Amino acid sequence: NAGVTQTPKFQVLKTGQSMTLQCAQDMNHEYMSWYRQDPGMGLRLIHYSVGAGITDQGEVPNGYNVSRSTTEDFPLRLLSAAPSQTSVYFCASSGRKTNTGELFFGEGSRLTVL
Amino acid sequence: AQSVTQPDIHITVSEGASLELRCNYSYGATPYLFWYVQSPGQGLQLLLKYFSGDTLVQGIKGFEAEFKRSQSSFNLRKPSVHWSDAAEYFCAQGAGSYQLTFGKGTKLSVIP
């Protein structure tokens with residue numbers, strides 16, 4: 001099983017550039033989310049989705065955009081990258097069958113904004 | 001709002017010694033509690049979870065955790081640490097929805 005797949009694993013951007021982090025899951029999970037991880041800050045929720053066509057903001061949504069057109073995919077868009085968005089980004093998913101809200105994580109995407 | 005506190009930012013133990021990582025969660029009637037481990041450069045892997053029943057839960061890699069409602073704690077333990085346990089450990093709380101609130105993590109170093 002592939003689980004949660006994130007691409008790219010590494011990316012370097014210049015300030016003001018845009019890009020999309022891809023996330024796909026093959027577990028038919030309803031819930032998908034994006035977190036960012038910064039040293040000493042733990043994981044902070046950026047955006048999440050409880051199903052296709054439904055998205056909502058998390059704790060730190062500014063500067064990021066998401067959409068959920070299919071159950072499998074949940075891309076994260078940076079419209080105009082800023083150095084403050086240098087971070088490691090994790091996509092995670094969960095489904096009703098897990099019963100307890102356990103999250104399954106991708107391996108992360110390390111983004112550097114110069 | 002839920003909050004999860006991991007009081008120890010960094011812990012160093014000798015290989016073979018016992019380990020306890022602390023976690024305190026904010027009040028919740030039925031907390032769903034998790035411990036995840038993150039090895040360098042990797043994603044997060046679930047170690048164990050608690051949502052009801054026996055307050056002592058067993059996880060993978062020889063870890064266990066005890067839920068204590070009176071202390072709002074969910075501490076992670078291992079009787080004998082191996083060098084491969086060096087990693088960062090995150091405690092998380094859910095509330096029956098899909099969203100989890102994470103602590104800031106405890107980095108574990110193991111001295112050979």
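The structure presented is a predicted model; accordingly, all values stated were derived computationally and were not measured. Chain letters run A, B, ... following the sequence lines, proteins first, then strands; residues in each count from 1.
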For this session: Would you mind checking which part of A/Leu45 comes under 4.5 Å of any heavy atom in chain B, side chain (CB onward), backbone (N, CA, C, O), both or neither?
Result: side chain
For this session: Would you check, one step at a time, whether the test side-chain contact (heavy atoms from CB on, under 4.5 Å) holds for B/Tyr36 with A/Glu102?
Result: CA-CA 10 Å; B/Tyr36 284 85; A/Glu102 171 188 348; 3.9 Å; yes
Problem set entry | Same cluster (ILVMFWY, side-chain, under 4.5 Å), A/Tyr31 and B/Leu46 | yes
Which pairs of donor and acceptor atoms, one on a side chain in residues 10-20 of chain A, lie under 3.5 Å apart (sequence neighbours left out)?
from	atom 1	to	atom 2	distance (Å)
A/Thr15	OG1	A/Leu114	O	2.6
A/Gln17	OE1	A/Lys14	N	2.7

Exercise. Any link between A/Tyr48 and A/Val88 through a network of hydrophobic side chains (Ile, Leu, Val, Met, Phe, Trp, Tyr) touching at under 4.5 Å?
Worked result: yes
For this session: Kindly write out the residues that satisfy side-chain hydrogen bond (donor to acceptor under 3.5 Å, both in side chains) with A/Asn28, not counting sequence neighbours, or none if the list is empty.
Result: none
Problem set entry | A/Phe104 side chain reached by B/Leu44 side chain, heavy atoms, under 4.5 Å | no
For this session: Give a yes or no on whether B/Phe63 and B/Val110 share a hydrophobic cluster (residues Ile, Leu, Val, Met, Phe, Trp, Tyr; joining criterion: side-chain heavy atoms under 4.5 Å apart).
Result: yes
For this session: With a 4.5 angstrom heavy-atom cut-off, could you sort out which part of A/Gln37 is near chain B: side chain, backbone, both or neither?
Result: side chain
For this session: Please state whether the side chain, the backbone, both or neither of B/Gln38 comes within less than 4.5 Å of a heavy atom of chain A.
Result: side chain
Problem set entry | Contact summary for B/Leu100 and A/Tyr35, nearest pair of heavy atoms | O-OH, 3.3 Å
